[in-house]
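Here is the structure we will look at.
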Amino acid sequence: MFEQTFKNIDDILHKDAGCGSELDYVEQTSWVLFLKYLDDLEKDKATAAELSGKAYTNIINPEFQWTVWATPKDKDGKLDHHKALTGDDLKDFVDLKLFPYLKKFKADAESADTIEYKIGEIFSELKNRIQSGYNLREVINRIDELRFRTHAEKHEMSHLYEDKIKNMGNAGRNGGEYYTPRPLIKTIVKIVAPEIGQKIYDGAVGSAGFLVEAFEYLKHSKKLTTADVTTLQKKTFYGKEKKSLAYIIGTMNMILHGVEAPNIVHTNTLAENIADIQEKDRYDIVLANPPFGGKERAEVQQNFPIKTGETASLFLQHFIKIMKAGGKAGVVIKNTFLSNTDNASVSLRKLILENCNLHTVLDLPGGTFTGAGVKTVVLFFEKGSSTKKVWFYQLNLDRNLGKGNPLNEKDLAEFVELQKTKAESENSWSINAKDIDQKTFDISAKNPNKKEEVALRQPQDILEEMKALDEESADILNSILELI
């Protein structure tokens, strides 16, 4: 049901002049979906309060509640067309009354760790892009069909919302930075193995995939006490995000997965001087896929001891600094980081090897990130002791990864198993830190255990190469004859 509804909404938005891409579809579906979700959440809270004999005060004032402005019903439970706004009336209500009302929540909220504050923050960042009030009416009617009351419904909806974010990631316009494949995130979380009570951080939070998966992992890690539930809701997940749309999607993604007031801040992480980070600012766990390939300005580079324009290298310095002693990390980075010869890369590898225990490197195949040709590795490290030995695992698959053939958890099962003991295999090996070149700190170790396969070439390829060589020889001969 959810899947078909989302597809129908995309078809409606595709016709609207204000929505030009998959990114717009996700953004606009999100705010309407969020208000419907909020209405169901309020109903659940009111029911729970009633059962325990307490009074419940609604967050949203009556005239701005979903059932009043969006879907007023008649006595048969059908949409009351006499009361339901549409066309310009609906668009004017949303733009001139609803959004300004919801924005005010940010200033009026008691503190930043409340759902009221988050509502205000989301609607301060968003605007309604749906230009036709008739299209907006259709979208509202579709979303009203959805229910978020049972656990199964909430799970299905959050899963499909992830799919929408994934499509947004495939839609270009740097969308890839919003989406890290979920099987990879689940595996990273499994290896880092956070525990309830630890503070988990992603300084490049994007759509909050790492925090969502860490929440799912911890939720099922043991039978939760009331104190555990409060800890997970209020004192566990922290993130920062620079881009407005990613920030909103990330915040909503966490709320839709059940974290009511995510501690996600809209800020440029790299604008903070890492010399200012104090013990109170530190985290137990870092999980992240920082954007790579970006070029940061000179004034941003001044915030870091190792100066470089490469965004990911600055993030890595930030992560090392912001981890507590004994803290653990799983960070995705370009595989060229292992061997780049520029001064910044050499210094950064030296820093990580001397100040952290870089115990595992997962080498991923090309195509892991749909739409991005870059090859990546995942660095797993702990802060506080130097590296003695690095265990490498090279993910060798018998198929090419791509949009129609993505990475799955089964692909990573051998890695998870072997990582427990750091065993050697055809795909895994170790190197001693003392064997690493102390000038370059190059850690791009070649797999010594992989059997080299001699690829047999097709006859057609051989004939084409012979033809090309003949033509090249003829050109050289003609050049010589011209000189004579």
Against the six-membered ring of Tyr238, is Lys199 placed for a cation-pi contact (under 6.0 Å from the centre, within 45° of the normal)?
yes
Main-chain N/O of Met323 paired to Lys383 side chain as donor or acceptor, under 3.5 Å
yes
Taking Arg129 for the side chain and Asp24 for the main chain, is one N or O donor matched with an acceptor at less than 3.5 Å?
no
Side chain of Asn432, backbone of Asp435: donor and acceptor closer than 3.5 Å?
no
How are the rings of Tyr201 and His318 set relative to one another: parallel (under 30°), tilted (30 to 60°) or perpendicular (over 60°)?
tilted
Polar side chain donor-acceptor pair, Thr231 to Asp228, under 3.5 angstrom:
no
What orientation do Phe34 and Phe123 show, parallel under 30°, tilted 30 to 60°, or perpendicular over 60°?
tilted
When you check the side-chain N and O atoms of Tyr393 and Glu414, is any donor under 3.5 Å from an acceptor?
yes
Strictly by modelled atom types, are Asn303 and Glu272 linked by a side-chain donor-acceptor pair under 3.5 Å?
no
Return yes if a side-chain donor-acceptor contact under 3.5 Å exists between Lys219 and Ser221, otherwise no.
no
Between Glu195 and Lys222, does any NZ, NE, NH1 or NH2 come within less than 4.0 Å of an OD or OE carboxylate oxygen?
no
More than 12 heavy atoms from other groups under 6.0 Å of CD on Glu110:
no
For Thr311 and Glu296, which I'm curious about, is there any donor-acceptor pair between the side chains at under 3.5 Å?
yes
Please list, chain by chain and in numerical order, all residues satisfying ring pair (Phe, Tyr, Trp, His ring centres under 6.0 Å) with Tyr37, sequence neighbours excluded.
Phe148
